[in-house]
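Have a look at the structure below before the remarks.
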Amino acid sequence: MLWGGRFKEKFNNSALKFSSSLSFDIHLIEEDIQVSKAHAEMLAKINILTKEETEKIINALNLIWVLFKEGTWNPEIEIYEDIHSAIEAKLFELIGDVAGKLHTGRSRNDQIVTDLRLWVKKSSEELITALNNLQTIFLDTAERHIDTVILGYTHLQRAQPVSFAFHLLAYIEMFERDKKRLNFIYNEADFSPLGSGALAGSTLPLDRKFTAEKLGFKSISTNAMDAVSDRDFVADFLNCGVIGMIHLSRLAEELIIWSSSEWNLIKLSDKYTTGSSLMPQKKNPDIAELIRGKTGRVFGNYITMATVLKGLPLSYNRDLQEDKEPLFDSVKTFYDSVLLAGEMIQTMQVNSERFKEELKGDFSFATDLADWLVLQGIPFRDAHHIVGEVVKYCEEKNKKFDYLNLEEFKKIHPIFDISAFEVVNTQNALSRKRTLGSPNPEFVIYEIEKWRIKLSKEN
Ligand code: ARG
């Protein structure tokens, strides 16, 4: 027990069960030990601990880590309030009374948030690496599909032809922004709150810069009240999860529709699909569906944190303990989803021929046809109207653009000539694009090379 002197009665068992955070802050054990070691070394530096005492404490902390890792020590949830009390109790068991000196000048309020900041730094780095790998997988797939023409959609209605590579590159952009957000989180978490005490620092000459440096923080926090009660970096991290999962959920939705028989653009590997217990023919995209479904709880986790924070008076309140479960859950869900999305993309088969025939003379060339008219000197609004009439005519005759003969075209507008047919031809659909950022294969190749270089530098 870390407190108790002023109490006459024992903490109620159900109250302990209700309030214990050990079942989840056990994830912070590595960080907690690291923080305690740095703190002990600092106490030695300012002559509060002797060299011998410090050694004892540090060796015992190292031993606790080893015992935990090998499974010989597993603190019981029913006994301890949190990871800090569990470790301290073990420390007493291993080295006796000298253990009581470790918590000098420290509160669990600054300790927990120091642990948490270290964990957030580590996890944001892991996520950035995972996103880098995901981008590389997308890039490899894109490289194989520079000339795979597919339909691009708006309003889920056929819009204009694009390439599969171009579609995948759009996701690479999203993942890049996810990484930027995570980078921001890393930098925001990179301040050491240790030495802030409960809320007002310490009367002991704690060397905060020393512990910050030992723990690999770039700097120290400035205001102790803010330091112990700030969880902005947690809310920001949860929001990274929200936006990151939005991206993955959109991808999951596309994988689901692309793999339907109606779409027939991809086949997901058996490894990431399941069968039906009733319908023998079924192959269901469960993993993609679960990425989409789990996005909901990641949204919920952000709301949980925001709601916990919104009415809290300064500074530390026990409510803040509620930051951990949403954080751990979102980070794990996001991380696992990134890995599985990558594996699905890596193992799927793409039906490169899917739209080849179907696109011949398709109405998705209508804009290109209007552009052709513009180049003949017709104002765009008129061109739009003329092509609209061509579409109407085709629909009445149940024909596609390229089944019309020149006469029929000319009946709608005399300016049409044989070169208009070139425009509705799949062959040149992409290479005719002129703007930067379009699916012109030349630009797509350039983008792929650019990403290749960028990603190889980051990995
Ligand atoms: N379990 C607590 C948390 O996560 C640790 C800090 C507790 N501080 C306290 N004064 N009870 O926030």
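For ligands, and for the atoms within them, numbers begin at 1 and follow the listed sequence. What you see is a predicted model; the values in this text were computed from it and never measured.
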- Taking all atoms of both residues into account, what is the closest heavy-atom pair of Lys283 and Ser269, and its distance? NZ-C, 4.1 Å
- Message: More than 12 heavy atoms of other residues, nucleotides or ligands under 6.0 Å from CZ of Arg318: yes or no?
- Response: yes
- Query: Taking everything shown except Phe18 itself, do over 12 heavy atoms lie less than 6.0 Å from its CZ?
  - Reply: no
- Message: For Phe443 together with Phe166, are the ring centres under 6.0 Å from each other?
- Response: no
- Message: Ignoring hydrogens, what is the shortest heavy-atom contact between Leu16 and Ile79? Give both atom names and the distance.
- Response: CD2-O, 3.8 Å
- Taking all heavy atoms of Leu430 and all of Ser163, pick out the closest pair and write down the distance. CD1-CB, 3.6 Å
- Query: Under a 4.0 Å heavy-atom cut-off, which residues neighbour ligand 1?
  - Reply: Ser21, Asp82, His84, Arg108, Asn109, Ile112, Tyr316, Gln321, Lys324
